[in-house]
2 protein chains.
Amino acid sequence: MPLGPSFPELASLDLFVSVVELGSVSRAAAAHGVAQPSASSRIRHLERQLGMILLERSPSGSIPTDAGVVVAGWAEAILRSAHELKAGLQAFQAEQSGRLRIAASFTIAEYLLPQWLGRFARAHPGDSIALEVANSTSVIERLHDGGADLGFIETTSPLTDLDEHLVGTDELIAVVAPAHPWANRRTVPVETLAATPLVTREAGSGTREALEAALAALDLGPPTAILELGSTSAVRSAVLDGNSPTVISRLAVAAELDAGSLIEIEVKDLAISRSLRAVWPRRNPLPPLAVQLLDSLTI
Amino acid sequence: MPLGPSFPELASLDLFVSVVELGSVSRAAAAHGVAQPSASSRIRHLERQLGMILLERSPSGSIPTDAGVVVAGWAEAILRSAHELKAGLQAFQAEQSGRLRIAASFTIAEYLLPQWLGRFARAHPGDSIALEVANSTSVIERLHDGGADLGFIETTSPLTDLDEHLVGTDELIAVVAPAHPWANRRTVPVETLAATPLVTREAGSGTREALEAALAALDLGPPTAILELGSTSAVRSAVLDGNSPTVISRLAVAAELDAGSLIEIEVKDLAISRSLRAVWPRRNPLPPLAVQLLDSLTI
DNA sequence: TAAGGTCATAGCCTAAACCTATGGCCAATG
DNA sequence: CATTGGCCATAGGTTTAGGCTATGACCTTA
């Protein structure tokens, strides 16, 4: 669902948070490289959008009202995510030039790395990090041919010639919308799942292949697809307001499970889990920046 | 630090995520209530800002490129926070009209409630929640005079006539920037802390009073203030690039501790911790919506 | 009392964003 | 094979939002 037409812009929230931090509109304006009247006007516009007074102006500066303090706290959460995106983008664009070159698989790059890189970038300003997103086999290839210093992959198979470090786990789980009949049962036999039309990713995707392999191991055929979509997001939102289940990475729906907008269904005898590992060439010494990144992940 | 001049707007990211979810620019445009060419142009603008192709266009719709999938995942994190702010704002503005009226103290409203309300609002669309922010004694007053159904406070004192439920803990801790001499020691005696000029909140603030009370209990005088600031944010950023310690709520600096941009200093013999409690009038039955909210906090 | 900081207002101007109308393209359908 | 109906892109015109400079009113501090 869209955010609505009169939602404040990131730039305005950013400016407002700066005002709160720096204690005056003028200083915040300077920090953002705009003229003071512009900043003043933006803040007033923001106040009208939100329908509340955020700052108490005085000739000696501006301090936030009670409402302002609260809104600033909320805005900071948004800005934190924005900085994470920025860090991720910079890593993306650095590509070949970085001091630390990371290759990561899809799921990790999408749901975990932004947070990790965001933290890391704030703690190591000035260090540049390059990020390449690929599938697991390509990640390993990049490590061997020297195109990357550190890799992140999800895999079940043993690794040769690579040192590794466990950084998390992922799991494929069945989920339905709260209105679905399964939502009250919370558990179904695997045969029922296999016989139910699912929303799925397209044939050939890692998620779908893992599911089909797990079913085949139980002598069950592949599930029929009632809807076949090209991205995890599309699958998720189709399940959110549709009435079909899907089997999807837990990481991709963690927020929805938390919020209760999707319900996890336990499937008896079906457990598809993958370790998330940091990997690097056994012989090459790990660059110092990589060591620090790994340290920051294990604290 | 500001986000930079050419950071994508929230509206553009929102639109792009919709395109990924809905599978076509046209549908996303309709969902956002703008004309298709406008949406198309916004997306192209976004692509030029980020310096990468996000969508693969075709006469049958648009699907994200690899980079697009990753960026969409990152953008979703920002939008999640934005929706939390929106939920908080709506609760703020509902004020008297809501079906569930919450009164919360500062720290909780700023650092915990947005997340809680964000989840809750997504799981209970249509229910309106009113939020009032005040200090702990006012919160209790609001419960007694019927102005609020449910309160959230941090307190150490026992409560009369109120039922309560523990929802977390807060703690005042000493922190310094990584460049500060204490950063390597990680621990100092309480006498040293008491003798060191600190960045503090203004006199009368809850944080400062709690610190002074804890020091007084050890027969130590109040700390001298090298800098006295009117908001938690201001204190935090002063410590971030200054060279003085502060004593501050752990919740307020959790992200910075994670990132390593602030270092926690253990102070021997000094432990100032407060329980965070949900409270409500003992006699009045808790409204059903309040029960559901409390349930969602304890899962 | 003068100086230096605060924020607000006024007036102008530019640039960005929107809309409607149109055209090219492909896929599904008769 | 042609037609229809979805998709996206382009063009041109209009509006609006946001920026800047210049100025004024106000308070604090030296």
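Order of the sequence lines sets the chain letters (A, B, ...), proteins ahead of strands, with each chain counted from 1. No experiment lies behind these values; they were computed from the predicted model shown.
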Inset, instruction - Figure out the CG/C1' separation between A:Leu15 and D:dG18, and round it to whole Å. - result: 13 Å
Protein-nucleotides 5-9 of chain D N/O pairs closer than 3.5 Å?
| unit_1 | atom_1 | unit_2 | atom_2 | d |
| --- | --- | --- | --- | --- |
| D:dC7 | O4' | B:Pro59 | O | 3.0 |
| D:dC8 | OP1 | B:Val25 | N | 2.6 |
| D:dC8 | OP1 | B:Ser62 | OG | 3.2 |
| D:dC8 | OP2 | B:Ser26 | N | 3.0 |
| D:dC8 | OP2 | B:Ser26 | OG | 2.3 |
| D:dA9 | OP1 | B:Arg57 | NE | 2.8 |
| D:dA9 | OP2 | B:Ser40 | OG | 2.3 |
| D:dA9 | N7 | B:Gln36 | NE2 | 3.1 |
| D:dA9 | N6 | B:Gln36 | OE1 | 3.3 |

Inset, instruction - Decide yes or no for B:Pro223 and B:Leu215: does some side-chain heavy atom of the first lie under 4.5 Å from some side-chain heavy atom of the second? - result: yes
Inset, instruction - To the nearest 0.5 angstrom, please state how far the NE2 atom of B:His45 sits from the OG atom of B:Ser41. - result: 8.0 Å
Legend entry - Under 3.5 Å side-chain donor-acceptor pair for B:Ser18 and B:His32: yes
Inset, instruction - Go through the steps for B:Leu240 and B:Ser261 under the test side-chain contact (heavy atoms from CB on, under 4.5 Å), then give the verdict. - result: CA-CA 7 Å; B:Leu240 272 170; B:Ser261 52; 4.0 Å; yes
Legend entry - chain B footprint on DNA chain C, 5' to 3' - any atom under 4.0 Å from a heavy atom: C:dA17 to C:dC26
Inset, instruction - Using a strict cut-off of less than 4.0 Å between a Lys/Arg side-chain nitrogen and an Asp/Glu carboxylate oxygen, indicate whether B:Glu256 and A:Arg119 qualify as a salt bridge. - result: no
Legend entry - N-O pairing of A:Glu21 and A:Arg27 below 4.0 Å: no
Legend entry - Modelled atom types, side-chain donor and acceptor of B:Arg42 and B:Ser12, under 3.5 Å: yes
Inset, instruction - Using atom CG of A:Leu46 as one end and atom P of D:dA17 as the other, report the distance to the nearest whole Å. - result: 16 Å
Inset, instruction - Look at A:Glu47 together with A:Arg57 and state whether they make a salt bridge at an N to O cut-off of under 4.0 Å. - result: yes
